[in-house]
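Working notes for the structure below.
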Protein chains: 2
Amino acid sequence: MSQQQDDAMNILASDISVKDVTCDHDHRASCSNCRLGSLCLPIAVSTEDIEQIDNIVLRSRPIDKGHHLFNQGDNFKSIFAVRSGTIKTYSLSPSGKEQINGFYMPGEIFGMDGISDFSHASSAVALERSAVCEIPYDSLGILSNELPSLQRHFMQLMSREIANDQRLISWLGKNSADERIAALILSLSARNVRRKFSATEFRLPMSRTDIANYLGLTIETVSRILSKFSKQGVIELQNKELKISDMEKIREIAGIK
Amino acid sequence: MSQQQDDAMNILASDISVKDVTCDHDHRASCSNCRLGSLCLPIAVSTEDIEQIDNIVLRSRPIDKGHHLFNQGDNFKSIFAVRSGTIKTYSLSPSGKEQINGFYMPGEIFGMDGISDFSHASSAVALERSAVCEIPYDSLGILSNELPSLQRHFMQLMSREIANDQRLISWLGKNSADERIAALILSLSARNVRRKFSATEFRLPMSRTDIANYLGLTIETVSRILSKFSKQGVIELQNKELKISDMEKIREIAGIK
DNA sequence: TGGTCGACTTGACGCATATCAAACCGACCG
DNA sequence: CGGTCGGTTTGATATGCGTCAAGTCGACCA
């Protein structure tokens with residue numbers, strides 16, 4: 001593996017936070033100087049407005065791998081933005097089966113499924129050491145009244161979540177295991193690009209089990225298909241370090257997504 | 001089939017609109033006297049507020065079966081509420097395959113996937129003669145500033161859409177064809193109940209092809225399973241007229257949803 | 001150094017669902 | 001009345017993925 005790749009991986013895995021968060025309550029980072037700003041905040045929001053937002057956002061100390069931000073059924077108080085690391089959300093069916101609803105990476109917002117009935121419909125857990133910003137929903141509502149652009153932005157965020165979910169529904173419904181996995185790889189790649197990292201080399205932050213669960217497959221199938229892709233030369237994979245060797249081919253497998 | 005059932009079917013199929021909409025521009029029906037009011041409007045909204053909402057809502061003449069309300073890629077202007085009939089939304093993959101995203105019945109809201117980038121991510125078509133209320137998004141934004149409860153309600157609606165989609169993701173990912181079909185039947189039944197109609201006898205407003213597409217199955221599998229359910233005596237089915245004979249059994253098949 | 005454990009890989013086999021093909025049925029039309 | 005057509009049902013066969021089982025690899029620890 002190249003040094004350049006190592007660098008990209010390290011940046012991806014640890015991102016902004018690692019040095020910032022060594023103190024218990026890190027209030028130094030703010031929305032205005034956050035490197036993710038334009039991803040998570042409305043572009044339309046002016047500098048003064050950002051300061052107001054800053055005032056309501058709570059910044060947590062780092063969340064260790066495996067620790068929960070909230071659990072299914074908890075009272076809904078806040079939505080969250082990922083600052084570093086990866087968060088997965090999942091729900092348990094009445095019979096106790098886990099279903100992963102999404103993976104959230106830096107700059108992405110989650111927890112919006114709790115708004116409708118003031119109780120979280122899913123649980124959120126850190127897949128690696130992560131940091132998040134917590135945005136209390138009450139404060140957000142009040143602030144939205146003063147900042148129409150903020151309100152619009154949140155509608156847009158929720159709308160995007162809806163569109164994303166519906167795209168996932170399409171994949172799951174009628175695509176083969178090959179297509180699903182290729183599509184996931186492309187999704188991770190695109191989100192990496194959005195954060196100005198490599199489109200072709202990154203670390204899979206989740207386990208094979210999580211990938212399988214998310215895509216509605218078994219872990220064996222995921223493993224087999226990743227091996228097949230490797231043998232075909234479209235990817236290179238060592239543990240969780242992924243390199244896309246043939247982007248065109250991946251797109252083709254995914255159905256030109 | 002009983003007379004009572006016939007009545008229920010007719011009401012379900014035609015609902016409020018048929019007599020109202022024979023004139024070209026029907027402005028008589030209003031949110032305040034709409035029988036669906038409490039389903040689609042915020043319960044918290046007061047009577048005076050409803051009048052304000054009334055002012056921004058456009059009521060369309062009936063949409064004939066097969067006609068579109070909007071197409072994928074169209075500029076986003078409004079969201080819609082179903083007054084009568086059934087609307088399906090679907091998107092086309094780059095390769096041209098259709099994927100149905102949802103079926104919307106009276107009192108339900110759709111079109112919210114267009115907010116994020118001002119362009120509809122899906123198309124909406126009437127499965128039968130239907131009527132809808134169109135709510136211009138601009139007016140809604142302005143009005144929301146004056147009516148905080150309206151804004152909250154819309155956040156809730158979108159949140160519910162997210163939660164619904166995520167539930168669908170769970171079904172599609174890891175459930176058998178039997179479970180999917182049983183779950184769809186239960187969903188239709190529950191939505192009927194919500195509108196104060198029969199839980200056990202109603203008309204399937206969509207074709208077998210649509211059911212198959214929505215659930216990620218083939219039409220043959222859908223047909224076979226519906227036949228099997230009939231033979232087992234858990235449902236009775238003649239064309240699109242459905243009667244649930246053994247609700248417990250359906251729940252059991254669906255996995256106690 | 002060797003041992004254990006969890007995450008992952010690989011192989012053999014079976015089943016659920018897709019695919020292919022044909023027949024049925026009601027609606028509409030000449 | 002017969003003919004055609006779209007939507008649906010039913011049957012025979014193929015296959016993709018799940019299931020079960022065994023094996024590999026790396027991390028951690030005594």
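Because only heavy atoms are used, hydrogens play no part in the values below, and waters and symmetry mates are left out as well, while side chains stay in. Within every chain, numbering begins at 1; the chains are lettered A, B, ... in the order of the sequence lines, protein sequences first and strands thereafter.
D:dT9 atom C1' lies 14 Å from atom CD1 of B:Ile235, rounded to whole Å. Rounded to whole Å, the distance from CE on B:Met206 to P on D:dG7 is 15 Å. The interatomic distance linking A:Arg180 (CZ) with D:dG18 (C1') rounds to 12 Å, in whole Å. Across the protein-nucleic acid pair, A:Leu237 atom CG and D:dC25 atom P stand 15 Å apart, rounded to whole Å. For the pair B:Leu215 CG and C:dT17 C1', the interatomic distance rounds to 14 Å; values are reported in whole Å. Nucleotide C:dT19 holds its P atom 11 Å from the CG atom of B:Leu217, rounded to whole Å. Between A:Ile219 atom CD1 and D:dC17 atom P there is a gap of 17 Å when expressed in whole angstrom units. For the pair A:Asn175 CG and C:dT17 P, the computed distance is 17 Å after rounding to whole Å.
Residues B:Gln72 and B:Leu92 come closest through the heavy atom pair OE1-N, 2.8 Å.
At a cut-off of 3.5 angstrom, the base of D:dC25 holds no donor-acceptor pair with the side chain of A:Gln238. Taking 3.5 Å as the limit, the base of C:dC8 and the side chain of A:Glu220 contain no donor-acceptor pair of atoms between them.
When heavy atoms are screened at a 4.0 angstrom cut-off, B:Ser207 is found touching the sugar-phosphate backbone but no base atom.
A side-chain donor from one of A:Glu128 and A:Thr86 sits under 3.5 Å from a side-chain acceptor of the other. With 3.5 Å as the limit, one finds a donor-acceptor pair spanning the side chains of B:Ser78 and B:Glu134.
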Could you go through residues 222-229 of chain A and list every donor-acceptor pair under 3.5 Å that involves a side-chain atom there, pairing it with any protein atom two or more places apart or in another chain?
{"from": "A:Ser227", "atom 1": "OG", "to": "A:Ser223", "atom 2": "O", "distance (Å)": "3.0"}
{"from": "A:Lys228", "atom 1": "NZ", "to": "A:Asp178", "atom 2": "OD1", "distance (Å)": "3.1"}
{"from": "A:Lys228", "atom 1": "NZ", "to": "A:Asp178", "atom 2": "OD2", "distance (Å)": "2.7"}

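OP1 or OP2 of C:dA18 sits under 4.0 Å from a side-chain N or O of B:Thr221.
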Requested in this report: Apply ring pair (Phe, Tyr, Trp, His ring centres under 6.0 Å) to the pair A:Tyr104 and A:Phe80, showing each step before the final yes or no.
Outcome: CA-CA 10 Å; A:Tyr104 297 88; A:Phe80 296 86; over 10 Å; no
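Below 30°, between 30° and 60°, or above 60°: for A:His68 and A:Tyr90 the angle between ring planes is above 60°, a perpendicular geometry.
For the pair A:Asn175/B:Lys97, a side-chain contact is recorded, criterion being any heavy-atom separation below 4.5 Å from C-beta on.
Tested against B:Ile235 for a side chain to side chain contact (heavy atoms under 4.5 Å, CB included), the candidates B:Ile181, B:Leu242, B:Thr200 yield a single pass: B:Leu242.
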Show each protein N/O and nucleotides 26-29 of chain C N/O combination with a separation under 3.5 Å, one pair to a line.
none

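The existence of a salt bridge linking A:Lys88 and A:Glu98 is confirmed by a sub-4.0 Å separation between a basic side-chain nitrogen and an acidic carboxylate oxygen.
Listed by residue number, A:Ser223, A:Arg224, A:Ser227 are the residues of residues 222-231 of chain A with a heavy-atom contact under 4.0 Å to DNA chain C.
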